[in-house]
Engineer: 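Pasting in a structure now, in structure tokens, and then I'll have a few things to ask.
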Amino acid sequence: MTRFAPSPTGYLHIGGARTALFNWLYARKAGGKYLLRIEDTDRERSTDAAVQAILDGLAWLGLEADGPPLFQFARAGRHKEAAESLVAAGKAYRCYLSSEEETALKEAARAKGLAFRSPWRNADSGTPPAGAPFVTRLRAPSENEFIRVHDKVQGVVTTAGREIDDFILLRSDQTPTYMLAVVVDDHDMGVTHVIRGDDHLTNAARQTALIHAFGWQVPTYAHIPLIHGDDGKKLSKRHGALGVEEYRDMGYLPEAMRAYLLRLGWSKGDLDIVSTEEALELFDLEGLGKSPSRLDFAKMGSVNAHFMRLADDQRLVTLMREHAARAGQPEIAKSDAELAAAVAYLKDRAKTLPELYDQFGFILAARPLPRDEKTQKTLSEEALARLGRLQPILAHVETWHHTEIKAALDKFAEAEGIGFGKIGPPLRAALTGGLPAPDLAIALELLGRDESLARLGDVM
RNA sequence: GGCUCCUUCGUCUAUCGGUUAGGACGCCUGAUUUUCAAUCAGGAAAGACGGGUUCGACUCCCGUAGGAGCUGCCA
């Protein structure tokens, strides 16, 4: 049983997406379940829009949970009850410190290099002021105890009890903190494996102390290194900490995102691009790396190109149309079937969906095509004369298919007694006006006979 | 400040005491060639630094430097 537990305070960024992917893969591989828990105990910062963004992002990535999402705040009652059971058992206590007193004590503790302890942790600290607000704190492990976290990535991490402070379980308004909620929920949900960012590594020691207080089973931890920006600094909005929907809008395929994210921090020998199907067979915690990795858009592009080639042409047409619409680009006035046929030739020339759309540029261009200096030069008098002789031949190609067109072109070049190098450039200049386009026979087929002949006519 | 974690080509990584330190992306060169790509062939490119341990260290230990995290009534 694994879980992905984002807090809905912003979009689902790429690091979170990778964490979700690893949890999802691990559960599926092991025949277990993967659940989603929305950690919304911070009422100030949690928003419904963020919840939706996370849900949408995960859906786009195809990382559906094995059950409905659990909203943590809805379980506040259970959390409170759990904390109170700890108080009753003497493992936690009520602390009546004012915030000024607390700040002073914390500063003093820090100056001495000790973790914060409240005087209220001791039973003989006096009678509680009647009606005064209080928080509930964990009675942290004693000075000579050690908490060991057995982490599948980081190894055994030992923390001295004196390093663990009497952290708050229940705030003064009796709502649970993150530390309490995580521990109680993971236990109640039956979570056995916790795969999360290593920003939680030191929290794992705290949580382990809490779990011990409850007398519960400690889950297996795997703290994965964070993803950094391409400058090695922490991921920020400037360099890639975008919501996953922005990657979608940049024209990446979800299966490519999964493959790229998988390799960011996980490896299996020399394997490079690992499809989701293969990953479902191969994923393991042993392959997780220990050092932070950086986002590399160039690599991401090449991975995406790989999956574009494998993708179904009709699907690419649909996705490409969605993108063009979203980007406000003109629609391509051709049927899906026609486009799919073209995509088959054009998709290995594009790394992303917008690039695929751009490949249609030469088809979309309106007649007469503008000519730059280079095309003008290519269309010499000699070349134009030759195109004039080619025109009727193309007009009579029986089936307008690239193999037949190619045969006609070759035959023409032979008849003219010239290499294709003499006919290709001017023909291309006439047909595309210098825009990038595929092989000429294919370009001719895609353009259609009428348009092709019309473009030839335009230059003569 | 204290505690914890990390450190192999520009990037993602393989290596788990003995290798010419391998692969991928990117880059460079060449081939192909009708543009741009794609493709194919080749190339440059790495163990942060300093000490140990050992017959032998990228690999184990210590230190230094750099990076990151935690140290919240945030998660």
Side-chain angles (χ1 to χ4, degrees), chain A residues 5-9 39-42 44-46 72 95 99 102 106 109-116 133 135-137 149 151 153-155 157-160 162-165 167-179 181-182 197-206 223 225-226 228 230 232-234 260 263-273 287 289-303 305 309 346 348-351 355 359 362 374-375 378 409 419-429 431-441 443:
Chain A
S7 58
T9 53
E39 310 227 312
D40 54 354
T41 51
D42 184 344
E44 294 285 301
R45 299 199 301 150
S46 300
Q72 193 160 58
C95 167
S99 65
E102 183 186 329
K106 278 194 173 167
R110 180 173 169 152
K112 276 192 263 179
L114 293 171
F116 169 77
V135 297
T136 302
R137 293 181 183 278
V149 174
D151 191 278
V153 176
Q154 314 289 347
V157 179
T158 305
T159 305
R162 57 186 291 167
E163 299 296 337
I164 297 174
D165 61 336
F167 58 86
I168 293 175
L169 268 20
L170 248 29
R171 303 179 183 115
S172 52
D173 64 358
Q174 300 305 293
T175 58
T177 59
Y178 158 79
M179 290 291 174
V182 174
D198 72 3
D199 49 337
H200 286 297
L201 183 57
T202 48
N203 286 337
R206 287 193 185 78
H223 287 93
L226 269 20
H228 288 184
D230 53 15
K233 292 268 157 51
K234 204 178 154 186
Y260 177 70
R263 289 289 285 113
L264 225 48
W266 181 83
S267 63
K268 187 98 180 173
D270 270 348
L271 293 181
D272 187 32
I273 296 182
K290 306 182 80 168
S291 52
S293 43
R294 305 180 185 200
L295 219 48
D296 180 3
F297 283 97
K299 176 76 177 188
M300 211 155 95
S302 85
V303 172
R309 285 172 198 195
L346 299 177
D348 62 348
R349 305 164 62 81
K351 285 207 261 297
E355 281 181 31
Q359 289 298 321
F362 82 99
K374 202 174 153 204
T375 58
T378 311
L409 289 175
F420 199 78
K422 288 265 193 242
I423 188 68
L427 177 57
R428 181 173 291 281
L431 291 174
T432 71
L435 291 169
D439 174 84
L440 275 173

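In what follows, every chain begins at residue 1, and chains take the letters A, B, ... in the order their sequences are listed.
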Engineer: Between U13(B) and C6(B), how many Å separate the two C1' atoms, rounded to a whole number?
Structural biologist: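 Roughly 16 Å separates the two C1' atoms.
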
Engineer: Heavy atoms only, 4.0 Å cut-off, all strands: where does Met179(A) land among base, sugar-phosphate and nothing?
Structural biologist: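 Answer is base: heavy atoms of Met179(A) come under 4.0 Å of a base.
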
Engineer: Distance check needed: C9(B) P versus Lys299(A) NZ, whole Å only.
Structural biologist: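 Going from NZ in Lys299(A) over to P in C9(B) covers 16 Å.
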
Engineer: Just N and O in the side chain of Lys106(A): are any of them under 4.0 Å from OP1 or OP2 of G72(B)?
Structural biologist: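 Looking at the OP1 and OP2 atoms of G72(B), one of them is under 4.0 Å from a side-chain N or O of Lys106(A).
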
Engineer: In this structure, how many angstroms lie between the C1' atom of C73(B) and the CZ atom of Arg45(A), rounded?
Structural biologist: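 Answer to the nearest Å: 13 Å.
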
Engineer: I'd like the P distance from C55(B) over to A68(B), given in whole Å.
Structural biologist: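 These two P atoms come out 40 Å apart once rounded.
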
Engineer: Check the distance between A14(B)'s P and Asp270(A)'s CG and give it to me in whole angstrom.
Structural biologist: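 Between P of A14(B) and CG of Asp270(A): 10 Å.
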
Engineer: What's the shortest heavy-atom distance between Arg428(A) and Pro438(A), and which atoms?
Structural biologist: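 Shortest heavy-atom contact: NH2-O, 3.1 Å.
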
Engineer: Side chain of Leu264(A) only, heavy atoms from C-beta on: which candidate in U11(B), C73(B), C12(B) is closest?
Structural biologist: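 Within the option list, the nearest is C12(B).
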
Engineer: Can you tell me which residue among Leu201(A), Val157(A), Asp199(A) is in a side chain to side chain contact (heavy atoms under 4.5 Å, CB included) with His223(A)?
Structural biologist: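 It is Leu201(A), the one option of Leu201(A), Val157(A), Asp199(A) that forms the side chain to side chain contact (heavy atoms under 4.5 Å, CB included) with His223(A).
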
Engineer: How would you label the contact of Thr41(A) with the nucleic acid (heavy atoms, under 4.0 Å): base, sugar-phosphate, or nothing?
Structural biologist: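 Sugar-phosphate: the residue Thr41(A), judged by heavy atoms under 4.0 Å, touches backbone atoms but no base.
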
Engineer: Look at the side chain of Thr177(A) and the backbone N and O of Ile168(A), then say whether any donor-acceptor pair between them is shorter than 3.5 Å.
Structural biologist: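 Answer holds: yes.
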
Engineer: Using a 4.0 Å heavy-atom cut-off across all strands, classify His223(A) as base, sugar-phosphate, or nothing.
Structural biologist: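 Answer is nothing: His223(A) stays at 4.0 Å or more from every strand.
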
Engineer: Whole-Å distance between U13(B) C1' and Leu295(A) CG?
Structural biologist: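 These atoms are roughly 16 Å apart.
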
Engineer: Would you mind checking if Lys299(A) and Asp272(A) are paired as a salt bridge, meaning a charged N to carboxylate O distance below 4.0 Å?
Structural biologist: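 Judged by the 4.0 Å cut-off on N to carboxylate O distance, Asp272(A) and Lys299(A) do form a salt bridge.
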
Engineer: Just so I know, are the side chains of Ile423(A) and Leu440(A) near enough to count as touching, which here means a heavy-atom distance under 4.5 Å?
Structural biologist: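 No, side chains not in contact.
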
Engineer: The side chain of Ser302(A) lies closest to which of these nucleotides: G26(B), A75(B), C12(B)?
Structural biologist: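 From the listed options, G26(B) comes nearest.
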
Engineer: Within the structure shown, what part of the strands sits under 4.0 Å from Asn203(A) by heavy-atom distance: base, sugar-phosphate, or nothing?
Structural biologist: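 Base contact.
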
Engineer: Protein-nucleotides 38-42 of chain B N/O pairs closer than 3.5 Å?
Structural biologist:
{"residue": "A38(B)", "atom": "O3'", "partner": "Arg309(A)", "partner atom": "NH2", "Å": "3.0"}

Engineer: When the P atoms of A46(B) and A38(B) are compared, how many Å lie between them, rounded to an integer?
Structural biologist: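 Pairwise P distance, A38(B) against A46(B), rounds to 26 Å.
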
Engineer: Could you identify the nucleotide paired to G50(B), looking across every strand shown and requiring Watson-Crick or G-U wobble geometry with both distances under 3.5 Å?
Structural biologist: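 The answer is C62(B), by the H-bond criterion.
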
Engineer: For Gly197(A), answer base if it contacts any base atom (sugar-phosphate contacts may also be present), sugar-phosphate if it contacts only those atoms, and nothing otherwise; contact means non-hydrogen atoms under 4.0 Å.
Structural biologist: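 Answer is nothing: Gly197(A) stays at 4.0 Å or more from every strand.
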
Engineer: Just compare A75(B), C25(B), U13(B) and give me whichever is closest to any side-chain atom of Ser293(A).
Structural biologist: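 My answer, after comparing the listed nucleotides, is U13(B).
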
Engineer: Taking donor-acceptor contacts at under 3.5 Å, does the side chain of Asp272(A) reach the base of G23(B)?
Structural biologist: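 Absent.
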
Engineer: Donor-acceptor pair, Glu39(A) side chain versus Tyr178(A) backbone, under 3.5 Å?
Structural biologist: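 No, Glu39(A) side chain to Tyr178(A) backbone: no donor-acceptor pair under 3.5 Å.
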
Engineer: Check if the side chain of Asp199(A) and the base of A68(B) share a donor-acceptor pair of N or O atoms closer than 3.5 Å.
Structural biologist: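 Result: no qualifying N/O pair found.
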
Engineer: Hey, does the side chain of Arg171(A) reach the backbone of Pro176(A) with a donor-acceptor pair shorter than 3.5 angstrom?
Structural biologist: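 Present.
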
Engineer: Round to a whole Å and report the spacing from CD of Glu102(A) to C1' of U71(B).
Structural biologist: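 Value for this atom pair: 13 Å.
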
Engineer: Going 5' to 3' along nucleotides 28-34 of chain B, which nucleotides have protein heavy atoms under 4.0 Å from the base (write B), which only from the sugar-phosphate (write S), and which from neither (write -)?
Structural biologist: ------B

Engineer: Rounding to the closest angstrom, what is the interatomic distance between G26(B) and G67(B) at atom P?
Structural biologist: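 Per the computed distance, 30 Å lies between those P atoms.
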
Engineer: Mind checking if Ala298(A) touches a base, just sugar-phosphate, or nothing, with heavy atoms under 4.0 Å?
Structural biologist: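 Sugar-phosphate, backbone atoms only, no base.
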
Engineer: Which nucleotide, in any strand shown, forms a Watson-Crick or G-U wobble pair with A45(B), with both distances under 3.5 Å?
Structural biologist: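 Check on A45(B): unpaired, no WC or wobble geometry under 3.5 Å.
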
Engineer: If you round to the nearest 0.5 Å, how far is OG1 of Thr41(A) from CD of Gln72(A)?
Structural biologist: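 If we round to the nearest 0.5 Å, Gln72(A):CD and Thr41(A):OG1 are 5.0 Å apart.
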
Engineer: Using Watson-Crick or G-U wobble geometry with both distances under 3.5 Å, which nucleotide pairs with C16(B)?
Structural biologist: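 No nucleotide pairs with C16(B).
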
Engineer: Answer with base, sugar-phosphate or nothing: what part of the nucleic acid does Gly269(A) contact at a heavy-atom distance below 4.0 Å?
Structural biologist: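 Touches sugar-phosphate only.
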
Engineer: Give the intermediate values and the outcome of side chain to side chain contact (heavy atoms under 4.5 Å, CB included) for residues Val182(A) and Asn203(A).
Structural biologist: CA-CA 11 Å; Val182(A) 174; Asn203(A) 286 337; over 6 Å; no

Engineer: Ignoring hydrogens, what is the shortest heavy-atom contact between Arg349(A) and Gln359(A)? Give both atom names and the distance.
Structural biologist: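 Arg349(A) and Gln359(A) have their closest heavy atoms at NE-OE1, 3.0 Å.
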
Engineer: Examine distances only and state if a side-chain atom of Tyr260(A) and a backbone atom of Asp296(A) form a donor-acceptor pair shorter than 3.5 Å.
Structural biologist: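 Flag set: sc Tyr260(A) to bb Asp296(A) pair under 3.5 Å.
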
Engineer: Rounded to the nearest Å, what distance is computed from the CZ atom of residue Phe297(A) to the C1' atom of nucleotide C27(B)?
Structural biologist: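 Checked: the CZ to C1' distance equals 19 Å.
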
Engineer: Need to verify one output field. Residue with the more 5' nearest nucleotide on RNA chain B, Thr175(A) or Trp266(A)?
Structural biologist: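 Result: Trp266(A).
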
Engineer: Mind checking who G30(B) pairs with, Watson-Crick or G-U wobble, both distances under 3.5 Å?
Structural biologist: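 Base-paired to C40(B).
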
Engineer: Give a yes or no on whether a salt bridge exists between Arg137(A) and Asp165(A), defined as a side-chain N under 4.0 angstrom from a carboxylate O.
Structural biologist: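 No.
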
Engineer: Please give, in whole Å, the distance from A75(B) P to Tyr178(A) OH?
Structural biologist: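 Roughly 9 Å, once rounded to whole Å.
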
Engineer: U19(B) and U15(B): how far apart are their P atoms, nearest whole angstrom?
Structural biologist: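 The answer is 16 Å between these two P atoms.
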
Engineer: Of the non-hydrogen atoms in Leu264(A) and Arg294(A), which two are nearest, and what is the gap between them?
Structural biologist: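 Leu264(A) and Arg294(A) have their closest heavy atoms at CD1-O, 3.7 Å.
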
Engineer: Shorter than 3.5 Å, N or O on both sides, protein versus nucleotides 2-8 of chain B: list them out with atom names.
Structural biologist:
{"residue": "C5(B)", "atom": "O3'", "partner": "Gln154(A)", "partner atom": "OE1", "Å": "3.2"}
{"residue": "C5(B)", "atom": "O2'", "partner": "Gln154(A)", "partner atom": "OE1", "Å": "3.0"}
{"residue": "C6(B)", "atom": "OP1", "partner": "Lys290(A)", "partner atom": "NZ", "Å": "2.7"}

Engineer: Just name whichever nucleotide pairs with G69(B), Watson-Crick or G-U, keeping both distances under 3.5 Å, else none.
Structural biologist: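 Paired with G69(B), as far as the under-3.5 Å criterion goes, is C3(B).
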
Engineer: So do Thr202(A) and Thr159(A) actually touch side chain to side chain, heavy atoms under 4.5 Å?
Structural biologist: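 The answer is no; the side chains never approach within 4.5 Å.
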
Engineer: Considering only the P atoms, how many Å lie between G30(B) and G47(B), rounded to the nearest integer?
Structural biologist: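 My reading of the P atoms in G30(B) and G47(B) gives 29 Å.
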
Engineer: Step through the shown structure and confirm whether more than 12 heavy atoms of other residues, nucleotides or ligands are within 6.0 Å of NZ on Lys106(A).
Structural biologist: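 More than 12 heavy atoms, drawn from other residues, nucleotides or ligands, come within 6.0 Å of this atom.
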
Engineer: Could you measure between the two C1' atoms, the one in C12(B) and the one in C3(B), and give it in whole Å?
Structural biologist: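 It works out to 31 Å between them.
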
Engineer: Please report, rounded to the nearest Å, how far the P atom of U35(B) is from the CG atom of Leu409(A).
Structural biologist: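 Value for this atom pair: 15 Å.
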
Engineer: Using the C1' atom as the reference point in each nucleotide, state the distance between U8(B) and A57(B) in Å, no decimals.
Structural biologist: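 14 Å, rounded to whole Å.
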
